[in-house]
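Just below is one structure, and these are the notes that go with it.
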2 protein chains.
Amino acid sequence: MRSYHQYCSFARGLDVVGDRWTLLVVRELMYGPRRYNELLAGLPGIATNLLAERLRELTEKGVLERRSDQRYALTPWGEGLRDVVHAVGRWARPLMGEMKVDDAFRSHWLVHPIHVLFEGVDRRRPPLTIGVEMGDAPVTVRSKAGRVSVLPGRPDAPDLVLSGPPDGIVALLAGLERPAARKVKVQGDVRKLARLHPRAA
Amino acid sequence: MRSYHQYCSFARGLDVVGDRWTLLVVRELMYGPRRYNELLAGLPGIATNLLAERLRELTEKGVLERRSDQRYALTPWGEGLRDVVHAVGRWARPLMGEMKVDDAFRSHWLVHPIHVLFEGVDRRRPPLTIGVEMGDAPVTVRSKAGRVSVLPGRPDAPDLVLSGPPDGIVALLAGLERPAARKVKVQGDVRKLARLHPRAA
DNA sequence: CTGCATCCGGGCCGATACTG
DNA sequence: CAGTATCGGCCCGGATGCAG
């Protein structure tokens, strides 16, 4: 990317991560170290040359590093971009209405809406294990010790299983009455969801 | 900008503000409503057509609005981008070493480093008024009630006056011993600066 | 002078094909 | 699996024109 040539911390930050796709690569690495093809799968729409170029640039600039097992991982400085990604995600929450027909989705992306919806610790939250099926891979949403998190894979003994389109799942977890929420099949008692106390919109 | 077509809050956010120059336009409006030419002056390097286009897009999307006095201003939703700009600025702080020869600078940009360096309230901070001269316009850095802020203009009765290159000024305020800091002329007692307790790097 | 619109060259982006 | 090569098209950047 062309530099903005401004002596401004924000502008210099954008010189590093302001390119198209760059911060989405970072988003993918926030789930942990990933291999090239895993990144490709998590970034529907990116061209292979662009992914390669972004990985090279970000490595040169010290945002990520390549490990011995051929995986890419965020450096400690790169980890600092979590706040940036979350800040944008939080700001853009009003944009998360319905899915468009040509919108892509990956189950592990659920981590971010969950992070925003259930930020911090809330002791009122009961322990709860939810299996979520949204198409490409099952994930588990777990409430434990007042904290809500997302894990890959299908839980052994879920209290609740949700299956349906992503926008419906998110609406249901957020406690919103949206048309899409009605398309979600629920096994178990839906009312348990409200006890997780999602943040108001 | 081409949409990423991903049902992800972060990606949808970038669909709105991910274009080149877009967040820098927002940065400029964080100082308050501005007219077209004022924005142009605060965004050295931007092409006039691009500024016009960004302003139109951001207005359509509800990030900013045009006022009756022809000024552009952030909407309430647009104000939410402050957290994003600050998050990037905070992350990019390690990049704020020396100025490059072709780096542009505007005095009002000092607001962001100050925000990052002196975030929050610290009761140990004594009241202090500092005049700062960096080239294009004088600004005032003021400590009051434990909070440090930046105002446009030259103070009436400064306790201290700093004049020199921006990187030197920032280094001095941050309490860092950098070569550039030695190029700053100081009128008054430099040691008063340390009492403001800047955050460690 | 302010506030843009138009035009044009160059570079980045996106899609596909291909290689070790 | 992990990229490189290639090429058309679009966005960006700089210069210029022009209306209120």
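Throughout, protein chains are lettered first and strands after them, A, B, ... in sequence-line order, and every chain is numbered starting at 1.
Nucleotide D:dA2 holds its C1' atom 11 Å from the CG atom of A:Leu55, rounded to whole Å. At whole-Å resolution of the value, CZ in A:Arg20 and P in D:dG9 are 19 Å apart. Atom pair A:Glu57:CD and C:dG11:C1' shows a separation of 14 Å (rounding to whole Å applied). Rounded to an integer number of Å, the gap from CD1 of A:Ile46 to P of C:dG14 is 8 Å. Whole-Å rounding puts the B:Leu51 CG to D:dC12 C1' distance at 14 Å. Straight-line distance from the OH atom of A:Tyr72 to the P atom of D:dA2: 8 Å, rounded to whole Å. Residue A:Arg66 contributes atom CZ, which lies 11 Å from atom C1' of D:dC1 at whole-angstrom precision. What separates CG of A:Leu40 from P of C:dT16 is a distance of 13 Å, to the nearest Å.
The side chain of B:Thr48 lies closest to C:dA5 when the candidates are C:dA5, D:dG3, C:dG14. With D:dC1, D:dG13, D:dG3 as the choices, the nucleotide that has an atom nearest any side-chain atom of A:Arg35 turns out to be D:dC1. Listed nucleotides C:dG14, D:dG3, C:dG3 differ in distance to A:Tyr36; the shortest reach to its side chain belongs to D:dG3. Closest to the side chain of A:Asp19, out of C:dC13, D:dG3, D:dA2, is C:dC13. When the nucleotides C:dG3, C:dG14, D:dA2 are ranked by their closest atom to the side chain of A:Ala47, C:dG14 comes out on top. In the set C:dA5, C:dG14, D:dC12, C:dG14 carries the atom at the smallest distance from any side-chain atom of A:Trp21.
Counting non-hydrogen atoms under 4.0 angstrom, A:Arg71 reaches nothing in the nucleic acid. Residue-level contact check: B:Arg54 touches the backbone only, with heavy atoms under 4.0 Å from sugar-phosphate atoms and none from bases.
The phosphate of D:dG9 has neither OP1 nor OP2 within less than 4.0 Å of any side-chain N or O from B:Arg2. OP1 or OP2 of D:dC1 has not a single side-chain nitrogen or oxygen of A:Gln70 nearer than 4.0 Å.
Nucleotides of DNA chain D nearest to A:Glu38 and B:Leu50 differ in position, and the one nearer the 5' end is that of A:Glu38. If you find the closest nucleotide of DNA chain C to B:Glu53 and to B:Asn37, the one lying nearer the 5' end belongs to B:Asn37.
Taking the six-membered ring where tryptophan is involved, the planes of A:Trp77 and B:Trp91 are essentially parallel, since the angle between them stays under 30° and well short of 60°. Taking the six-membered ring where tryptophan is involved, the planes of B:His108 and B:Tyr31 are perpendicular, since the angle between them exceeds 60° and thus also 30°.
Crowding of A:Lys61 atom NZ: a count of heavy atoms from other residues, nucleotides or ligands under 6.0 Å exceeding 12. Remark: B:Arg142 CZ is loosely packed, at most 12 non-hydrogen atoms of other residues, nucleotides or ligands lying under 6.0 Å away.
In this model, a side-chain donor or acceptor of B:Asn49 finds a partner on the base of D:dG14 within 3.5 Å.
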**Report entry** Steps toward salt bridge (charged side-chain N to carboxylate O under 4.0 Å, His left out) verdict (A:Arg199, A:Glu119)
**Finding:** CA-CA 8 Å; A:Arg199 286 194 163 194; A:Glu119 215 157 14; 3.7 Å; yes
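At a threshold of 4.0 Å, the pair B:Arg54-B:Glu57 counts as salt-bridged, since one of the basic side-chain nitrogens sits closer than that to a carboxylate oxygen.
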